[in-house]
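The structure under discussion appears below in the form of C-alpha cells.
As a basis for the values below, the full set of heavy atoms in this structure was taken, side chains included, without hydrogen atoms, waters or symmetry mates. Note that ligands are numbered from 1 as they come in the structure, with each ligand's atoms numbered from 1 the same way.
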Amino acid sequence: MKEDEVNRCQIQEWYPKFKSVSIKTRIHELPEPFVQYLLDDSGPFLLPVSITNEDAFPNRIHNPEEEDDYQVSEGSDDEAEQPPLPPSFPELELQVKESIESLGGSVFPKLNWSAPKDSAWISTTGTLKCSSFSEIALLLRSSDSLVHDLCHAYDSCHDKTSSRPKSFVLALRKWYQFLKPEMEFRCFVRNQNLVGISQREVTTFYPALLEKKDSLRVLIEDFFVENLMSRFESENYTFDVYVTEDDRVKVVDFNPWGAFTLPLMFTWEELDQNCSELGDDGVDFRIVEGQCAVRPGLKTAVPYDYLDTSPGSGWDQFMRNADEELQQQTRNAQAGA
Ligand SMILES: Nc1ncnc2c1ncn2[C@@H]1O[C@H](COP(=O)(O)OP(=O)(O)OP(=O)(O)O)[C@@H](O)[C@H]1O
C-alpha cells in the first residue's frame with residue numbers, strides 16, 4: 001500500500017470533494033499540545049479545564065482522599081509533589097462549541113481516519129453522541145483505537161516516509177440518532193471498478209435485507225458510477241455508504257484497500273481475485289442470508305482490555321481474583337461444615 005492511498009482516506013482530504021453526498025461535517029486542525037494530550041498516558045486522567053459553564057463533567061473525578069495531597073503543611077519535611085495542572089485548550093474549545101451549535105447541538109467526533117468507537121461505553125448515552133468539548137475530549141482520550149491514527153497510520157505502507165500525517169484533525173459530523181445498522185454497507189473498489197459490497201454490521205441477520213438486496217445493489221452501483229468513480233483518485237480502496245429510507249445514498253467514510261480495513265463478509269484473498277470471478281455482473285453483494293450465517297468474532301469496538309487476555313492483563317487479573325475468591329469460599333464452606 002502507498003502512503004498516498006492512506007492519505008486520500010483522511011476525512012480532511014476527501015470530505016471537501018464529496019461533501020454534497022456525505023454527512024455534514026466541520027473539520028478542525030488540532031494544535032500540537034492537544035495531540036500530545038491525547039498521546040499522554042502518564043499521570044492521572046485529567047479532562048481539560050472548560051472555559052464555558054456548560055461543561056458536562058468535572059475536570060477530575062472527586063476523590064476526598066486525594067484532596068489531602070493538595071494540602072502541604074508548612075515546614076513539613078514531606079515535599080509532596082504538586083498535582084499536575086489540568087490542561088486547557090480555549091481556542092479549540094471555542095471553535096468546537098461553535099461547530100456543535102452549527103451542526104444542531106450534537107455531533108459524532110473522529111480524527112483523520114477513525115472514530116473512538118471503543119470508548120462509547122464510557123459516555124452517559126453509551127454512544128459517540130457529544131454535545132460539549134469535554135465529552136469529545138473524554139471519548140478521544142479514552143480510546144485505544146485512535147492510537148492507530150496517532151501512531152500507526154502508515155505502518156502498512158511500503159513507501160513510508162513518516163510515522164504521522166501532516167496534520168491531525170478533529171472532524172465533527174452532524175449526529176444522526178436513527179441510523180439503521182442494516183442500511184450501512186462497505187463497498188470494495190479494485191482497479192477503479194466496484195467489485196464487492198458487504199453488509200457493514202455482520203453480526204446480525206436482517207430478513208428485510210433479503211428482499212431489498214437487488215434494488216440496493218442498483219442504488220449503490222449507480223451512486224458509485226455517478227459520484228465516486230474517476231473522482232476518488234486511488235485505484236483500490238473501500239468506501240462505506242448509508243442508504244436512507246427515501247433511497248438516497250450517502251458516503252460515510254473511505255478506507256484503504258487491505259491492511260487495517262476489515263473485509264467483513266469477504267476475505268482479502270477473495271477480493272483480490274479477478275472481478276470476473278465475483279458475482280454474475282461483476283459486483284458480489286454479500287449479506288447475512290440467515291440466522292445461522294451470522295459472523296461472530298468481528299467485534300472491533302471494544303476496549304483493548306476486553307480483547308487482551310495475556311498474563312498480567314486486566315482480564316487475567318480479573319480471572320485470578322475470581323479464582324482466589326472461589327477457593328476462599330470453598331475453604332470457608334469446608335471449615336464451616
Ligand atoms: N454522524 C453520525 N451519527 C451517528 N452515527 C454515526 C455517524 N457517523 C457514523 N456513525 C456510526 O458510526 C460507525 C463508525 O463510523 P466511521 O466509519 O466514521 O468510523 P471509523 O472509525 O472510520 O470506522 P471503520 O474503522 O470501521 O471504518 C458507522 O458505521 C455508523 O454506524
Tell me the nearest of Arg186, Arg200, Glu184 to atom 14 (C) of ligand 1, using heavy-atom distances.
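It is Arg200 that holds the nearest heavy atom.
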Are any side-chain N or O atoms of Gln199 and backbone N or O atoms of Val288, one a donor and one an acceptor, separated by less than 3.5 Å?
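Pair found, side chain donor or acceptor close to backbone of Val288.
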Min N/O separation [X] to ligand 1 under 3.5 Å:
{"X": "Ile23", "answer": "no"}
{"X": "Arg173", "answer": "no"}
{"X": "Ser114", "answer": "no"}

Where ligand 1 meets [X] - atom numbers and elements under 4.0 angstrom, heavy-atom basis:
{"X": "Ala115", "result": "19 (O), 20 (P), 21 (O)"}
{"X": "Lys174", "result": "1 (N), 2 (C), 3 (N)"}
{"X": "Trp113", "result": "22 (O)"}

Anything under 30° is parallel, anything over 60° is perpendicular, the rest tilted; go ahead and classify [X] against [Y].
{"X": "Tyr154", "Y": "Trp113", "result": "perpendicular"}
{"X": "Tyr237", "Y": "Phe232", "result": "tilted"}
{"X": "Phe188", "Y": "Trp257", "result": "perpendicular"}

For ligand 1, does [X] get within less than 4.0 Å through its side chain, its backbone, both, or neither, judged by non-hydrogen atoms?
{"X": "Trp175", "answer": "both"}
{"X": "Thr261", "answer": "neither"}
{"X": "Lys129", "answer": "neither"}
{"X": "Lys110", "answer": "side chain"}
{"X": "Val107", "answer": "neither"}

Any Phe239 side-chain heavy atom under 4.5 Å of Leu194 side chain
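Counting from C-beta outward, Phe239 and Leu194 do come under 4.5 Å.
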Ser123 side chain near Leu139 side chain, heavy-atom distance below 4.5 Å:
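Answer yes - side chains close enough.
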Would you please say whether a donor-acceptor pair under 3.5 Å links the side chains of Ser234 and Arg8?
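Result is yes, a qualifying pair exists.
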Quick one about Thr204 and Glu182 (side-chain donor to acceptor, distance below 3.5 Å, no hydrogens or angles considered), yes or no?
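No, no side-chain donor-acceptor pair sits under 3.5 Å.
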Can you sort out the partners of Lys19 under salt bridge (charged side-chain N to carboxylate O under 4.0 Å, His left out), two or more places apart, ordered by chain and number?
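Counting only residues at least two positions away or on another chain, Lys19 forms no salt bridge (charged side-chain N to carboxylate O under 4.0 Å, His left out).
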Would you call Tyr242 a ligand 1 contact, heavy-atom distance under 4.0 Å?
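No; Tyr242 lies far enough from ligand 1 that no heavy-atom distance drops under 4.0 Å.
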